Chemist: 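To start, I am sharing the structure in question, which I have written as structure tokens.
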Amino acid sequence: MANETPQVMTIAGTDSSGGAGVSADLKTFFAHHVYGANVIVSVTAQNTIGVQDVQMVTPDMVTQQLTSVGNDLKISAFKTGMLGDAVTVHTVAAAILKQDFGDYILDPVMIAKGGARLLTEQAIDAVISDLLPLATLVTPNLPEAEVLAHSQIKTHEDVADVAKRIQLLGAKNVLLKGGHGNEKKVYDYVLLENGEHFWMTSQRVDTVRTHGTGDTISAAITAQLALGETLKNAIITAKAYVDATIRNGIYVGHGHGPLNHSASVIDSNQPEVLDDL
Ligand SMILES: Nc1ncnc2c1ncn2[C@@H]1O[C@H](COP(=O)(O)OP(=O)(O)OP(=O)(O)O)[C@@H](O)[C@H]1O
Ligand SMILES: Cc1ncc(CO)c(N)n1
């Protein structure tokens with residue numbers, strides 16, 4: 001088919017308040033002018049204050065959704081977000097091994113901003129064994145990176161060291177997100193397959209309205225890859241987009257409010273990109 005529209009997919013959970021999970025992914029895909037498919041693995045009763053309930057979708061239904069998408073759409077990049085439990089991780093891994101969905105961005109979602117667990121303890125090993133080796137890029141935040149690497153992060157050197165350890169677990173490329181830091185700037189670190197590494201820094205926006213930042217940056221990278229960007233450019237442009245969605249904040253809910261996904265991708269500030277700090 002000539003000039004087929006770039007098509008991407010998210011495999012994740014829903015957020016009833018519309019700010020995180022599949023909602024954040026689809027809004028991000030839309031903002032990047034790519035077509036987004038969604039495979040739902042869990043339904044959460046959630047708002048900006050916290051997660052009130054979770055219901056997992058059956059493994060058969062997860063497999064069926066992936067087969068339905070694979071049999072019809074031409075997905076060139078996809079991401080996984082909240083996967084919930086080990087059975088779901090195994091199910092997703094088996095399905096994505098069987099079908100070619102292109103570049104895979106693994107967002108190892110573990111805990112929601114309000115503190116609720118979104119991945120069981122047992123599922124962490126399954127993510128490492130089944131999914132990390134399949135991923136083009138893994139995008140842990142600081143606490144997730146500590147869990148994956150079994151190592152604490154206190155300094156910028158620790159960040160680089162932990163990223164290397166995660167790469168040694170089988171991940172080709174690593175984006176270690178710095179949103180959970182406490183400095184005046186946010187520092188995200190990238191380690192690429194060929195050994196190239198760099199920092200992306202931007203001013204930390206003083207706001208609690210950061211629900212779904214991680215989902216948004218991984219979805220934006222997925223979209224940029226489907227649009228033909230190199231991985232490095234996709235990561236830098238995605239960082240600029242998430243920054244714009246935070247800076248141009250909207251006022252919704254009483255807790256960790258959602259982002260402004262209609263913020264312009266083009267007008268966004270580029271992060272400072274540095275080889276070393
Ligand atoms: N207050 C902030 N100001 C500016 N940038 C931020 C802020 N918080 C997060 N970011 C950026 O947002 C992106 C996501 O980082 P973060 O570490 O918050 O991910 P996350 O914890 O996975 O998010 P979530 O769990 O809410 O989806 C990173 O690029 C980070 O630099
Ligand atoms: C469903 C879902 N996925 C991911 C996150 C993390 O932002 C969340 N809070 N909820």
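Since this is a predicted model, take the numbers as computed values, not measurements. Note that ligands are numbered from 1 as they come in the structure, with each ligand's atoms numbered from 1 the same way.
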Chemist: Taking the six-membered ring of Tyr104 as reference, does the cationic atom of Lys79 (NZ for Lys, CZ for Arg) lie under 6.0 Å from its centre and within 45° of its axis?
Modeler: no
Chemist: Evaluate Gly214 for polar contact with ligand 1, using N/O atom pairs at a separation under 3.5 Å.
Modeler: yes
Chemist: Going by the atom numbers of ligand 2, which of them fall below 4.0 Å from some non-hydrogen atom of Met82?
Modeler: 1 (C), 3 (N)
Chemist: Hey, could you give me the CG/CG distance between Asn47 and Asp15, rounded to the nearest 0.5 Å?
Modeler: 8.0 Å
Chemist: So which bit of Asp188 gets within less than 4.0 Å of ligand 1, heavy atoms only: side chain, backbone, both or neither?
Modeler: side chain
Chemist: For atom 11 (C) of ligand 1, what is the nearest protein heavy atom, given as residue, atom name and distance?
Modeler: Lys239 NZ, 4.0 Å
Chemist: At what distance is the nearest protein heavy atom to atom 10 (N) of ligand 1, and which residue and atom is it?
Modeler: Ile246 CD1, 3.7 Å
Chemist: Name the closest protein heavy atom to atom 1 (C) of ligand 2, giving the residue it belongs to and the distance to 0.1 Å.
Modeler: Thr14 O, 3.3 Å
Chemist: Quick check: do Gln7 and Ser76 have side-chain heavy atoms less than 4.5 Å from each other?
Modeler: no
Chemist: Does any N or O of ligand 2 fall below 3.5 Å from an N or O anywhere on Gln46, backbone included?
Modeler: yes
Chemist: Record the part of Arg204 in heavy-atom contact with ligand 1 below 4.0 Å; permitted values are side chain, backbone, both and neither.
Modeler: both
Chemist: Considering only the protein, which heavy-atom contact is closest to atom 21 (O) of ligand 1, and what is its distance?
Modeler: His180 NE2, 2.6 Å
Chemist: Checking a contact table here: which protein heavy atom is nearest atom 1 (N) of ligand 1, and how many Å away?
Modeler: Val205 O, 2.9 Å
Chemist: For residues Ile221 and Leu137, determine if any side-chain heavy atom of one lies less than 4.5 Å from a side-chain heavy atom of the other.
Modeler: yes
Chemist: Suppose we measure from atom 9 (C) of ligand 1 to each protein heavy atom; which comes out shortest, and what is that distance?
Modeler: Gly179 CA, 3.6 Å
Chemist: With nothing but distance in play, are any N or O atoms of Asn141 less than 3.5 Å from an N or O of ligand 1?
Modeler: yes
Chemist: For the CG atom of Asn141 and the NE2 atom of His180, what is their distance to the nearest 0.5 Å?
Modeler: 4.0 Å
Chemist: Which residue pairs satisfy the ring pair (Phe, Tyr, Trp, His ring centres under 6.0 Å) criterion with at least one member in residues 209-239, sequence neighbours excluded?
Modeler: none
Chemist: Contact between Gln203 and ligand 1, counting heavy atoms under 4.0 Å?
Modeler: yes
Chemist: Check Thr213 against ligand 1 and report side chain, backbone, both or neither, counting heavy atoms closer than 4.0 Å.
Modeler: both
Chemist: Consider every N or O of His211 and every N or O of ligand 2, then say whether any pair is closer than 3.5 Å.
Modeler: no
Chemist: Below 4.0 angstrom from a heavy atom of Leu118, which ligand 2 atoms are there? Numbered from 1 as shown, please.
Modeler: 5 (C), 8 (C), 9 (N), 10 (N)
Chemist: Give me the nearest non-hydrogen protein atom to atom 15 (O) of ligand 1 as residue plus atom name, then the distance to 0.1 Å.
Modeler: Lys177 CB, 3.7 Å
Chemist: Under a 4.0 Å N-O cut-off, is there an ion pair linking Lys177 with Asp107?
Modeler: yes
Chemist: Got the closest protein heavy atom to atom 3 (N) of ligand 2, with its distance?
Modeler: Gly21 CA, 3.5 Å
Chemist: Rounded to the nearest 0.5 Å, what separates atom CG in Asp85 from atom OG1 in Thr120?
Modeler: 6.0 Å
Chemist: Does CZ in Phe30 sit with more than 12 non-hydrogen atoms of other residues, nucleotides or ligands closer than 6.0 Å?
Modeler: no
Chemist: Please list, in number order, the atoms of ligand 1 under 4.0 Å from a heavy atom of Thr210.
Modeler: 26 (O)
Chemist: May I ask you to test the Val69-Met9 pair for a side-chain heavy-atom distance under 4.5 Å?
Modeler: yes
Chemist: Regarding ligand 1, does Lys113 bring an N or O atom to under 3.5 Å of one of the ligand's N or O atoms?
Modeler: yes
Chemist: Please determine whether a side-chain nitrogen of the Lys or Arg among Lys239 and Asp243 lies less than 4.0 Å from a carboxylate oxygen of the Asp or Glu.
Modeler: no
Chemist: Near Ile217, which atoms of ligand 1 are under 4.0 Å from a heavy atom of that residue?
Modeler: 29 (O)
Chemist: So which heavy atom in the protein is nearest atom 6 (C) of ligand 2, and how far is it from that ligand atom?
Modeler: Asp215 OD1, 3.6 Å
Chemist: For Pro258 and Thr48, which heavy atoms make the closest approach, and how far apart are they?
Modeler: CD-CG2, 3.9 Å
Chemist: Which heavy atom of Ala223 sits nearest a heavy atom of His32, and at what distance?
Modeler: CB-CB, 3.6 Å
Chemist: Does Ala20 come within less than 4.0 Å of ligand 1, judged by its heavy atoms?
Modeler: no
Chemist: Roughly how far, to the nearest 0.5 Å, is CG of Asp25 from CD1 of Ile105?
Modeler: 11.5 Å
Chemist: Please work out, at 4.0 Å between heavy atoms, whether the side chain, the backbone, both, or neither of Asp215 comes within that distance of ligand 1.
Modeler: both
